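See below for the structure under consideration.
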Protein chains: 2
Amino acid sequence: MTSTSIKLSAIKTACKTCSLHDLCLPLGLDLGDIERLDEIVKRSRPLHKSEYLFNSGEKFTSIYAVRSGSIKTFTESEQGDEQITGLYLPGELIGLDAIHDNQHPCSAIALETTSLCELPFDSLEELSSQIPELHRQLFRIMSKEIAGDQSLLMLMAQKSADERLAAFLVNLSSRLKARNFSETEFNLTMSRKDIGNYLGLTIETISRTFSRFQSEGLLSTQRKYVNIHKLGELKELAGITDHCTTPDCPSKTA
Amino acid sequence: MTSTSIKLSAIKTACKTCSLHDLCLPLGLDLGDIERLDEIVKRSRPLHKSEYLFNSGEKFTSIYAVRSGSIKTFTESEQGDEQITGLYLPGELIGLDAIHDNQHPCSAIALETTSLCELPFDSLEELSSQIPELHRQLFRIMSKEIAGDQSLLMLMAQKSADERLAAFLVNLSSRLKARNFSETEFNLTMSRKDIGNYLGLTIETISRTFSRFQSEGLLSTQRKYVNIHKLGELKELAGITDHCTTPDCPSKTA
DNA sequence: TGATTGTTTTGATTTAAATCAAGGAAACAA
DNA sequence: TTGTTTCCTTGATTTAAATCAAAACAATCA
């Protein structure tokens with residue numbers, strides 16, 4: 001009985017059988033190397049909605065990969081303004097911003113029931129010095145995060161409320177599609193308030209913009225549920241180059 | 001004669017004698033490892049003001065470290081809006097955002113006469129898999145870049161024009177101080193237009209804000225020259241936590 | 001079940017920064 | 001030197017989004 005349950009949990013954590021394989025750390029690794037990666041992955045109980053994964057200021061020990069669900073990260077300034085810095089979907093890595101000074105500059109909260117793979121950074125670092133392809137993939141992922149933040153900066157600095165919300169939706173849609181979810185019908189896991197904060201806008205502006213998009217027939221919403229009717233027009237509004245810089249992003253190949 | 005000039009240039013590129021040692025890649029390496037790093041560094045002629053280091057879309061081959069001078073990086077969207085994404089001072093690394101898809105997502109231009117160290121990425125990657133401390137330092141630098149971009153995001157999303165310009169100046173001041181320049185007297189290498197673009201504001205707003213800071217006695221300016229009279233007040237305006245996340249940043253230890 | 005709390009929508013008003021406009025000061029070239 | 005271009009400053013006006021305000025709607029809980 002005990003051995004069965006161990007085996008079951010082992011199967012569950014196995015990178016080699018994980019459907020997120022190509023969106024996550026194992027991309028490009030051969031089977032033997034994936035098995036070595038599997039050995040350092042720790043799996044704990046899923047987080048419930050609103051549970052913290054870590055808190056700003058905490059000591060950095062591990063990188064986390066989202067297995068299912070979603071996570072938001074946010075920083076708080078000394079004046080108390082909160083800024084959401086990231087929304088992480090399955091296959092994406094959390095905590096890369098904490099490496100440089102060994103503590104988390106942001107907090108991370110589950111937006112829904114979320115399970116994660118924990119990768120102790122010391123082990124990961126050691127393993128990556130033995131597996132060049134893992135090393136390379138880690139660099140790629142970090143580089144992508146930098147490039148993604150830079151597109152977000154452009155969004156904030158140069159774009160109107162309409163363009164920002166459109167870009168947010170198009171980006172989300174692309175990433176969901178890459179994960180085999182519908183690209184036109186999905187649930188926002190963030191509240192209007194969170195979306196506004198993320199995009200540098202107020203909740204009222206987000207709400208009004210959604211209403212206008214709806215009256216223009218671009219999409220329809222019921223609270224968190226979104227149905228995009230005219231993805232093409234939305235992409236155009238977003239400036240086609242949505243701020244998704246993932247290699248798996250459909251808009252890149254289109 | 002020939003051997004002399006070769007020797008001279010070898011001395012000039014030597015990381016082990018470089019004053020930027022602790023702000024750059026060699027931080028934490030022992031002498032032998034620094035010498036190995038020195039072997040892969042390529043040094044070319046300095047760039048003149050307004051010369052391109054690389055262009056958006058170009059194939060990625062190397063990371064560049066600024067030796068002297070300064071560089072700005074910027075992306076251009078399909079609609080033609082330009083967004084400055086970075087201002088790089090001596091000891092800082094350019095091109096980390098290009099690793100993930102092997103091409104530069106941004107262009108890089110010299111803001112003044114600027115000399116650089118070129119680090120071919122293939123060699124750097126190979127070397128870093130042999131030198132764990134170099135590997136770690138690379139991760140730290142990339143992580144710092146991510147964290148820095150995230151503070152910039154907060155700046156753009158939540159802060160007023162005053163706060164943004166103050167934060168920009170305080171950040172620049174800290175980084176200059178870490179490089180043994182004056183923290184209160186310096187030349188902006190970016191134009192008002194560039195500063196505005198970087199901070200998501202217009203040139204007129206930057207100009208007016210500088211004028212007001214001046215009339216309030218916070219600083220004085222003559223074109224690019226800036227003299228900060230009340231750094232403390234400026235820091236307070238910036239929210240104390242300036243968006244400098246470098247470990248060498250004085251505000252961290254203060 | 002109703003009471004309480006939190007979230008979203010919509011409307012009226014204000015405001016910070018953008019835009020429009022024009023003059024002045026440096027930098028640069030012929 | 002003078003003309004040309006680029007950059008910066010300052011003023012007047014407009015505007016997009018914030019703020020203030022209130023009601024409608026969901027969700028949660030006793």
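Chain letters run A, B, ... following the sequence lines, proteins first and then strands; every chain starts at 1. Here the structure is a predicted model, which means the values were calculated and not measured.
Backbone-only contact: Gly200(B) has heavy atoms under 4.0 Å from sugar-phosphate atoms and none from a base.
Between the axis at the start and the axis at the end of the helix from dT1(C)-dA30(D) to dA22(C)-dT9(D) there is an angle of 40°, using five pairs per end and rounding to 10 degrees.
The CZ-C1' distance, from Arg212(A) to dA17(D), rounds to 11 Å in whole Å. One atom, CG of Leu165(B), and another, C1' of dA17(C), lie 14 Å apart when rounded to the nearest Å. In this entry the distance linking CD of Gln158(B) with P of dA17(D) reads 16 Å, nearest Å. Atoms CD (Gln222(A)) and P (dT9(C)) sit 11 Å apart, rounded to a whole Å. One interatomic measurement links the two molecules: CZ of Arg164(B) to C1' of dA18(C), which rounds to 12 Å at whole-angstrom precision. The separation between Asn187(A) atom CG and dT7(C) atom C1' is 16 Å, rounded to whole Å. Atom CG in Leu201(A) sits roughly 10 Å away from atom C1' in dA18(D) (whole-Å rounding). Atom CD1 in Ile195(A) sits about 12 Å away from atom C1' in dT7(C), given to the nearest Å.
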Please table the atom pairs, donor to acceptor, closer than 3.5 Å between any side-chain atom in residues 57-64 of chain B and protein atoms at least two apart or in another chain.
unit_1, atom_1, unit_2, atom_2, d
Glu58(B), OE2, Asn55(B), N, 3.2
Ser62(B), OG, Glu118(B), OE2, 2.7

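Contact annotation: Thr202(A) side-chain N/O to dA18(D) OP1/OP2 distance is under 4.0 Å.
In this structure Glu51(B) satisfies the salt bridge (Lys or Arg N to Asp or Glu O under 4.0 Å) test together with Arg45(B), sequence neighbours excluded. Judged as a side-chain contact (heavy atoms from CB on, under 4.5 Å), and not counting sequence neighbours, the contacts of Thr114(B) are Val66(B), Ile71(B), Ala110(B), Glu112(B), Leu116(B). Partners of Thr113(A) by side-chain hydrogen bond (donor to acceptor under 3.5 Å, both in side chains), not counting sequence neighbours: none found. Gln158(A) meets the side-chain contact (heavy atoms from CB on, under 4.5 Å) test with Met154(A), Asp81(B), Gln83(B), Asn197(B); sequence neighbours excluded. Checked against side-chain hydrogen bond (donor to acceptor under 3.5 Å, both in side chains), Ser115(B) has the following partners two or more places apart in sequence or in another chain: Ser68(B). Every residue two or more places apart in sequence or in another chain was checked for a side-chain contact (heavy atoms from CB on, under 4.5 Å) with Arg223(B), and none qualifies. By the side-chain contact (heavy atoms from CB on, under 4.5 Å) test, Leu218(B) pairs with Phe213(B), Glu216(B), Lys230(B), Glu233(B), Leu234(B), Leu237(B), sequence neighbours left out.
There is a side-chain donor-acceptor pair under 3.5 Å between Glu163(B) and Ser160(B).
By the 30° and 60° cut-offs, the orientation of the rings of Phe54(A) relative to His104(A) is parallel.
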Could you list the protein-to-nucleotides 28-30 of chain C atom pairs, N/O on both sides, closer than 3.5 Å?
none

Between the protein and nucleotides 5-14 of chain D, are there any N/O to N/O pairs under 3.5 Å, and if so, what are the atom names and distances?
unit_1, atom_1, unit_2, atom_2, d
dC8(D), OP2, Arg192(B), N, 3.2
dT9(D), OP1, Arg192(B), NH2, 3.3
dT9(D), OP2, Arg192(B), NE, 2.8
dT9(D), OP2, Ser207(B), OG, 3.0
dT9(D), O5', Ser207(B), OG, 3.2
dT10(D), OP2, Ser211(B), OG, 2.5
dG11(D), N7, Arg208(B), NH1, 2.8
dG11(D), O6, Arg208(B), NH2, 3.2
dA12(D), N6, Arg208(B), NH2, 3.4

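The list of salt bridge (Lys or Arg N to Asp or Glu O under 4.0 Å) pairs with a residue in residues 197-208 of chain A, not counting sequence neighbours, is empty.
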